Amino acid sequence: MTISLAVPDILVARARAGDLEALEALYRAFETPVYNLALRILRTPEDAEDVLQETFLEVVRSIKQYRGEGHLWGWIKRIAASKALMRIRRNQVRATEELDEESTGGPGSTGGVPMQIDLERAFERLSETSRSVVWMHDVEGYTHEEIAEQMGKTVSFSKSQLARAHARLRRMLDAEGAA
Amino acid sequence: MMHCTMDDLLALKENEASAWAKQHLETCPACRAELDALYQRIAALKALPVRRPARDRWPAVRDAIRADQRRRRRRWGAWSLAAAAGIALLLLVRPSGGRVDAAELQRVKQQSATLEAELDRYDPDGRVTSGRTAALAAVLEDRIAVIDGELAQLGTPQAPVRRAELVKLWQERVDAMQQLMSVRVTRVAYVGL
Ligand SMILES: [Zn+2]
C-alpha cells in the first residue's frame, strides 16, 4: 500500500487552532490508512477502530508540537503504530495464551484459491506481535532499529520475530498448497 | 546438505548475509527458489487490499474534541481580560545589528512559543466577534500557517546566512501572532494589514 497524502499547510494550521472542520478534513484524510495499519496488526475491527479513535485524539492533542518536520503521514503513522502496540500489550495481559497459529484451521479451507487470499488468511493467523513486526518491516518499511525502539525490545528480538513469522507463513502456505 | 535458514534468507534480502550463505545460494537452486518465494510473499503482503472502517468513528472523536475545548474555555473564563491585554503588549525587541547567533534564534523561538501558548488559552470560540474581526483573525492565522510552511522547508540549518533567514521568519511569525492576539483581545478591526 503506497500512501502519498499531501495535506495543505493551511489545513494543518486551522486544525492546530482547533477548527472542527479542518480537524474533520484531517480525520477523513487519514482515517483509512490508520485503520488499515491497525487492522493488519490487531485482530478485530473493534480494536482497530479504537486505535483509530485514540490515534486521532492524540493527533489533535499534540498537533501543536508537530512543526512540519518530516511527512505528516509519517508522524501520524508513528502515533498509530504506538497505539496499536500498546493495545497488543493490553490484549496479552488479558489473554495469556500465545495464539497457536497453526492449529486453528479456520472455516472454509477451499483449494485453488488465489495466492493472495491464502496469504492474507495465513498472515491473520500469526500472533499480533509477529504481525506487527512483519507489517512494520516488510510493508511500512521500518528498520529493525525503529521497530525495536517502538516496541521497547531489542533489534535481535525484532529480527528473530520476523524470521519466525516468515518461517510460519511459509509452512502455512505450503500446507495450503498441498491440501 | 545444509540449506539456508529463514534468518539467512532474510539476511540475503537485506544484503547482510554471511559469506557462507552467499556462496551457498550460488550453488543451490532450492534456496534460490526459497528466496524468490520470500520476495513474492512480501510483494503479496504489500498488495493486500486496503481495509476501511465499517463504522464512522468521527462523531465520537468530535465529541471528545469538543469536550476538550469546553474544558479549556472554562479555564480561560477564569482569566481576566486585563491579563490578556497585558500579554498582547509583550513587545518584540528586534536585534540591533546584523549579528545573528544561535541564542537569538532560540530567543525568538521562545517568544513564539509563549505567544502561541497564550493564544491557545485565549480560545476564540468562546467569544462573540464581528465578521470583520473574524476575517482579520483568519488572515493572520493563514499568514502564520504560510510562515510555518516556509520554516518547515528551511529545516534547521547550521550556516549563519540561513540562520538569519530563519530568525527573520520566526520574527514574522511572532509579529503575526502579536497582531492576532490584539485582534482577539481588543477585537480591533484594523491592525495595519
Ligand atoms: Zn540450499
Side-chain angles (χ1 to χ4, degrees), chain A residues 1-3 8-14 16-20 23-24 27-28 31-36 38-40 45-46 48-50 52-53 56-57 60-61 64 67-70 115-116 118-120 122-123 134-135 137-139 144 159-160 162-170 173-174, chain B residues 5-11 13-14 16 34 37-38 40-62 64-66 68-69 72-73 113 116-117 119-120 123-125 137-138 141-156 180:
Chain A
M1 183 174 62
T2 341
I3 291 163
D9 287 340
I10 299 278
L11 185 68
V12 176
R14 290 200 181 287
R16 206 178 272 154
D19 178 321
L20 272 176
L23 287 169
E24 179 170 7
Y27 179 86
R28 298 296 176 206
E31 126 187 82
T32 297
V34 167
Y35 175 81
N36 189 66
L39 186 70
R40 290 302 178 194
E46 290 74 23
E49 282 176 20
D50 285 350
L52 168 62
Q53 189 169 333
F56 205 73
L57 283 173
V60 173
R61 280 166 195 154
K64 292 203 195 316
R67 275 276 164 263
E69 295 104 1
M115 154 90 169
Q116 202 175 70
D118 289 345
L119 177 74
E120 189 167 19
F123 181 72
V134 173
W135 196 261
H137 186 273
D138 291 348
V139 180
H144 285 295
K159 284 187 174 175
S160 71
L162 187 70
R164 275 176 54 191
H166 270 292
R168 281 172 181 162
L169 283 175
R170 189 204 165 284
L173 292 171
D174 218 30
Chain B
T5 62
M6 191 56 78
D7 288 294
D8 291 327
L9 294 172
L10 285 163
K13 177 181 161 285
E14 305 284 321
E16 295 170 350
E34 282 295 336
L38 175 64
Q40 278 169 26
R41 269 198 308 277
I42 293 170
L45 278 174
K46 286 183 178 165
L48 285 180
V50 173
R51 300 281 180 221
R52 288 164 206 285
R55 279 164 297 230
D56 188 6
R57 286 291 186 109
W58 169 249
V61 171
R62 183 197 54 214
I65 295 170
R66 279 191 179 143
D68 268 6
Q69 289 179 340
R72 279 194 293 132
R73 204 136 56 212
E116 183 146 5
L119 276 169
D120 184 32
D123 198 316
D125 297 347
E141 277 166 6
D142 288 353
R143 180 184 285 181
I144 292 169
V146 169
I147 295 172
D148 281 348
E150 287 171 35
L151 281 169
Q153 274 172 13
L154 271 178
T156 45
L180 184 57

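Below, chain A is the first sequence line, B the second, and so on; all start at residue 1. For clarity, every value in this text was computed on a predicted model and none was experimentally measured.
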Take A:L162 and B:M6 through the side chain to side chain contact (heavy atoms under 4.5 Å, CB included) test and state the conclusion after the steps. CA-CA 9 Å; A:L162 187 70; B:M6 191 56 78; over 6 Å; no

For the student: nearest non-hydrogen atoms of A:G18 and B:Q69, plus distance: O-NE2, 2.8 Å

Strictly distance-based, threshold 3.5 Å: is any side-chain N or O of A:N36 a donor or acceptor partner for the main-chain N or O of B:R51? yes

Short N-O contact, B:E14 and A:K159, less than 4.0 angstrom: no

Grab the two heavy atoms, one from B:A54 and one from A:E49, that are nearest each other, plus how far apart they are. N-OE2, 4.0 Å

For chain B, which of A:V34, A:D19, A:D50, A:L169 has the most heavy-atom pairs under 4.5 Å? A:D50

Please report the interatomic distance CG(B:L9) to NE2(A:H166), rounded to the nearest 0.5 Å. 10.0 Å

Given A:H144 and B:L10, is the side chain to side chain contact (heavy atoms under 4.5 Å, CB included) satisfied, shown in steps? CA-CA 12 Å; A:H144 285 295; B:L10 285 163; over 6 Å; no

salt_bridge(B:R62, A:E24) N-O dist < 4.0 Å: no

So for atom CZ, which belongs to B:R52, do other residues, nucleotides or ligands contribute more than 12 heavy atoms lying within a distance under 6.0 Å? no

Is it the side chain or the backbone of A:L52 that comes within 4.5 Å of chain B heavy atoms, both, or neither? side chain

Under 4.5 Å heavy-atom distance to chain B, tell me which part of A:V12 shows up: side chain, backbone, both or neither. neither

I need the A:D138 CG to B:I42 CD1 distance, nearest 0.5 Å. 4.0 Å

Quick one: do A:R170 and B:E34 make a salt bridge, cutoff under 4.0 Å? yes

For A:L39, is it the side chain, the backbone, both or neither that has a heavy atom under 4.5 Å from a heavy atom of chain B? side chain

Quick check for you: to the nearest 0.5 Å, what is the distance between A:D118 atom CG and B:R41 atom CZ? 12.5 Å

Closest contact, heavy atoms only, A:T32 versus B:V50: CG2-CG1, 3.4 Å

CZ of A:R28 to CH2 of B:W58, rounded to nearest 0.5 Å, is 7.5 Å

In the structure I gave you, are the side-chain heavy atoms of B:L45 and A:R40 within less than 4.5 Å of one another anywhere? no

Is any side-chain N of the basic residue among A:R164 and B:D7 closer than 4.0 Å to the acidic one's carboxylate O? no

Proximal component of A:L11, with respect to chain B [non-hydrogen, under 4.5 Å]: neither

Contacting moiety of B:I65, where chain A heavy atoms sit under 4.5 Å: both

Once you round to the nearest 0.5 Å, how far does OH of A:Y27 lie from CZ of B:R57? 7.5 Å

With respect to chain B, which residue among A:F56, A:Y35, A:F123 yields the maximal number of heavy-atom pairs within a distance under 4.5 Å? A:Y35

